[in-house]
Amino acid sequence: MTSLRNLIPRYCPLSLLDSTTTLPQVHQIHAHLLVNGHLNDPPLFAKFVATLALSLPDLLPYSHHLLVHSPHPPSLFALNSLIRAHSKGPTPHLAFLFYHQILHSPALSPDHYTFTFLVRASAQAAAAAAGAAVHASALKRGLAADPYVQSGLIHMYAEFALPDATRRVYAELRRPDVVAQTAMVGALAGSGEVDLAREMFDGMLQRDPIAWNAMIAGYSQVGRSKEALELFSLMQAEGVRVGEATMVSVLTACAHLGALAQGKWAHGYIQKNKIGITVTLGTALIDMYSKCGDMRKAMEVFWSMGEKNVYTWSSAVSGLAMNGAGKECLELFELMKQEHVRPNGVTFISVIRGCSVAGLVDKGREHFDSMRDEYSIEPWYEHYGCIVDLYGRAGRLDDAVNFINAMPIEPHVGAWGALLNACRIYKNIELGEFATRKILELESKNDGAYVLLSNIYADSRNWKGVSSIRESMKAKGVSKEPGCSVIEVGGKVHEFFVGDRSHPRYKEIEVMLGEMSRRSRLAGYVARTNEVLFDIEEEEKEDALCWHSEKLAIAFGLIALGEGVTIRIVKNLRVCLDCHDATKFISKVFQREIVVRDRNRFHHFKDGVCSCMDYW
DNA sequence: TTAGGGTTAG
């Protein structure tokens, strides 16, 4: 204690104040200033309050206290500093307290600095009305034209999701600088207006890394992952400094595409460029590897991470569930609890799905009950849906129905959909029809319900049922979402749609399709024509099956990838039963591992077997 | 003293 006193230089007692200073040390500095009469010097006092507020936001009440008990009226500088400190903290609304203090002091009036941070405080507090009032008084005082205030306003209105106001502020700028342009690019990209954002981005004379990140993140967020990656290569070509934020977006894009090769490359890039693996970046890596079907790498990253949060644990738990490792998923969840990481609603969704994969029905139900009992988490629609799925997949249709009937909230499409899917698996026509009616009552144009029910009909050779569904779909103008499969070859992503002939190597693909079909048949594959239901005449059925997008992608993979290289495919819909069957045969006769990412889970095909054990 | 982007899990 005395040593610290000696350390404080008489002429500059504030130099010891920084973010590492502890409360007792602050007391000492305070006492020192007091003893030496520094606090009677208004500029020095203001400096003390400001430094304290800005470097130790946790001690804001202390700063506040100092100000209230000040021997002289607080200066604008001190008040502004408190506004600034509050504007980014957990109590942004308190910034207004100091603003009013400025307004009520006859000697003071707010300046552009005040408004800059008041605008930020409004954004942080999500206080749209207060923000508009701040804007109005800045205008009245002629301070709204300050570039800092304007950038803040753009940011604020974007935060409030008020695109018109955002644009109005921007339009009023006479000469927008990089900062304002970047803010606008971010605002547009963040609200989903990626193309407008890109237009502005392209028009910028100068672009710093922040503008690139805003743009790449924008693409990545709206799911335009290919463009995110393209822009990233452009960014590198231009030699722009790449940081953590960029890589998080790049990994998100790779995860979305299921582009393992590019994801691995990104991981290598992070290591080579010594970009620190923070919790966020590590979690993004785990998510990328899980969604690309490489759970071994995902867990390697997981175990190597020092700091892990709920997101990190949840993404590993979810990855294991998605990839069919139900047992490991549950083990990891137990470990998570042992490590005192509190699971949340998202975690429980994955845990219940893990139970579903492992066929542990009662265990799943226990976890569901523990949500409320042990963690006070009120189950969401999604959790109810998962439990219906859990019962349904296990063939316990009665339990599923009873569960739906006992739901304390109105059953949603997801719950009925899970039941309908169970009816498909267990061929229960009557219950399937009932579930479909329920779904259509809620969403008359739900294409999935029509498709599932017609699958049930087709399975029982009820062609009349199938065609009546086709009729009512036509009558209601419901169309099935077109299937699309994506495969990555040589770092390039290739997309295939049903019956797509547009690929440059289509001729070779067609030959390979014939080969696949011929060799699979020899091994005992029989086409399931039941799966083709829409607008196709009988005799074309078998042909059409060969043209399902995943088959095209597999054919291309067999041609374009090296011997023994795993074929990885990402599909936007669920794999149909026929393709699932066919892929099993292909994996055997071509001795090739094939990993297909479905709409909601993975299928690892090897030697004629699928990891989902046909339980999907 | 000041501004802008960004984030991960179902």
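Letters go in sequence order (proteins before strands), and every chain restarts at 1. Nothing here was measured: the structure is a model prediction, and the numbers come from that model.
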S.K.: Specify the separation, in whole Å, of atom CG of A/Leu281 and atom C1' of B/dT7.
M.R.: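 Roughly 9 Å, once rounded to whole Å.
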S.K.: Choosing from B/dG10, B/dT2, B/dT7, which nucleotide comes nearest the side chain of A/Thr116?
M.R.: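 The answer is B/dT2.
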S.K.: With distance as the sole criterion, is a donor-acceptor pair present between the side chains of A/Tyr269 and A/Thr246 under 3.5 Å?
M.R.: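 Checked: A/Tyr269/A/Thr246 side chains show no N/O donor-acceptor pair below 3.5 Å.
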S.K.: Between the side chains of A/Arg168 and A/Asp164, is the shortest nitrogen-to-carboxylate-oxygen separation below 4.0 Å, so that they form an ion pair?
M.R.: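 A/Arg168 and A/Asp164: not salt-bridged.
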S.K.: Please work out if A/Trp313 contacts a base, only the sugar-phosphate, or nothing of the nucleic acid, heavy-atom cut-off 4.0 Å.
M.R.: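 Nothing, no heavy atom under 4.0 Å.
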S.K.: So if I take every side-chain heavy atom of A/Ala217 and compare against B/dG6, B/dT8, B/dA9, which nucleotide ends up nearest?
M.R.: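 Closest of the options to the side chain of A/Ala217: B/dG6.
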S.K.: According to a strict under-4.0 Å criterion, is A/Lys291 in side-chain N/O contact with OP1 or OP2 of B/dA9?
M.R.: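 For B/dA9, OP1/OP2 do have a side-chain N/O of A/Lys291 under 4.0 Å.
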S.K.: Checking contacts here: which listed nucleotide (B/dT2, B/dT7, B/dA9) is nearest the side-chain heavy atoms of A/Ser318?
M.R.: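 Of the options given, the side chain of A/Ser318 lies nearest B/dA9.
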S.K.: Tell me whether the ring of A/Tyr113 lies stacked over the B/dT1 base, given a 5.5 Å limit on centroids and a 30° limit on the plane angle.
M.R.: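 Yes, A/Tyr113 stacks on the base of B/dT1.
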S.K.: Given atom NE2 of A/His412 and atom P of B/dG10, what is their separation to the nearest angstrom?
M.R.: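 After rounding, the gap between these two atoms is 17 Å.
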S.K.: Assign A/Ala245 to base, sugar-phosphate, or nothing according to its heavy-atom contacts below 4.0 angstrom with the strands shown.
M.R.: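 The answer is base, as A/Ala245 lies within the cut-off (heavy atoms under 4.0 Å) of a base atom.
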S.K.: In whole Å, I'd like the distance from the CG atom of A/Leu285 to the P atom of B/dA9.
M.R.: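 Taking CG of A/Leu285 and P of B/dA9, I get 12 Å after rounding.
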S.K.: Counting only heavy atoms not in A/Gln206, do more than 12 sit closer than 6.0 Å to its CD atom?
M.R.: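 Atom CD in A/Gln206 is not crowded, with 12 or fewer foreign heavy atoms closer than 6.0 Å.
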S.K.: In whole angstrom, give the distance that lies between atom CG of A/Leu188 and atom P of B/dG6.
M.R.: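 So the CG-P distance, A/Leu188 to B/dG6, works out to 11 Å.
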S.K.: So, is A/Ser249 near the phosphate of B/dG6, with a side-chain N or O under 4.0 Å from OP1 or OP2?
M.R.: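 False: A/Ser249 side-chain N/O out of range (4.0 Å or more) of B/dG6 OP1/OP2.
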S.K.: Of the nucleotides B/dG10, B/dA3, B/dT8, which one has an atom closest to the side chain of A/Asn309?
M.R.: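 Looking only at side-chain atoms, A/Asn309 lies closest to B/dT8.
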S.K.: Does the ring of A/Tyr148 meet both stacking tests against the six-membered base ring of B/dT2: centre distance under 5.5 Å and plane angle under 30°?
M.R.: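 No, aromatic ring not over the base.
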S.K.: Just call it for A/Asn80: base, sugar-phosphate, or nothing, with non-hydrogen atoms closer than 4.0 Å on any strand.
M.R.: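 No contact at all - A/Asn80 keeps every heavy atom at 4.0 Å or more from the nucleic acid.
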S.K.: Any idea which of B/dG10, B/dT1, B/dA9 is nearest the A/Val310 side chain?
M.R.: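 Shortest atom-to-atom distance from the side chain points to B/dA9.
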S.K.: Under 4.0 Å between any heavy atoms, over every strand shown, what does A/Glu244 touch: base, sugar-phosphate, or nothing? Just pick one.
M.R.: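 Answer is base: heavy atoms of A/Glu244 come under 4.0 Å of a base.
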S.K.: With no angle test and no hydrogens, is the base of B/dA9 tied to the side chain of A/Ser315 by a donor-acceptor pair under 3.5 Å?
M.R.: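 There is none.
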S.K.: Quick one: does A/Asn344 reach the base of B/dA9 with a side-chain donor-acceptor pair under 3.5 Å?
M.R.: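 Side chain to base: pair present.
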S.K.: More than 12 non-hydrogen atoms from neighbouring residues, nucleotides or ligands closer than 6.0 Å to NZ on A/Lys337, yes or no?
M.R.: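 Yes - once you tally the heavy atoms of other residues, nucleotides and ligands closer than 6.0 Å, there are more than 12.
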S.K.: From the options B/dG10, B/dT8, B/dA3, select the nucleotide whose nearest atom is closest to the side chain of A/Thr283.
M.R.: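 Given the options B/dG10, B/dT8, B/dA3, the side chain of A/Thr283 is closest to B/dT8.
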S.K.: Identify the residue among A/Met215, A/Glu199, A/Gln221 that makes a side-chain contact (heavy atoms from CB on, under 4.5 Å) with A/Val194.
M.R.: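 Between A/Val194 and the candidates, side-chain contact (heavy atoms from CB on, under 4.5 Å) is satisfied uniquely by A/Met215.
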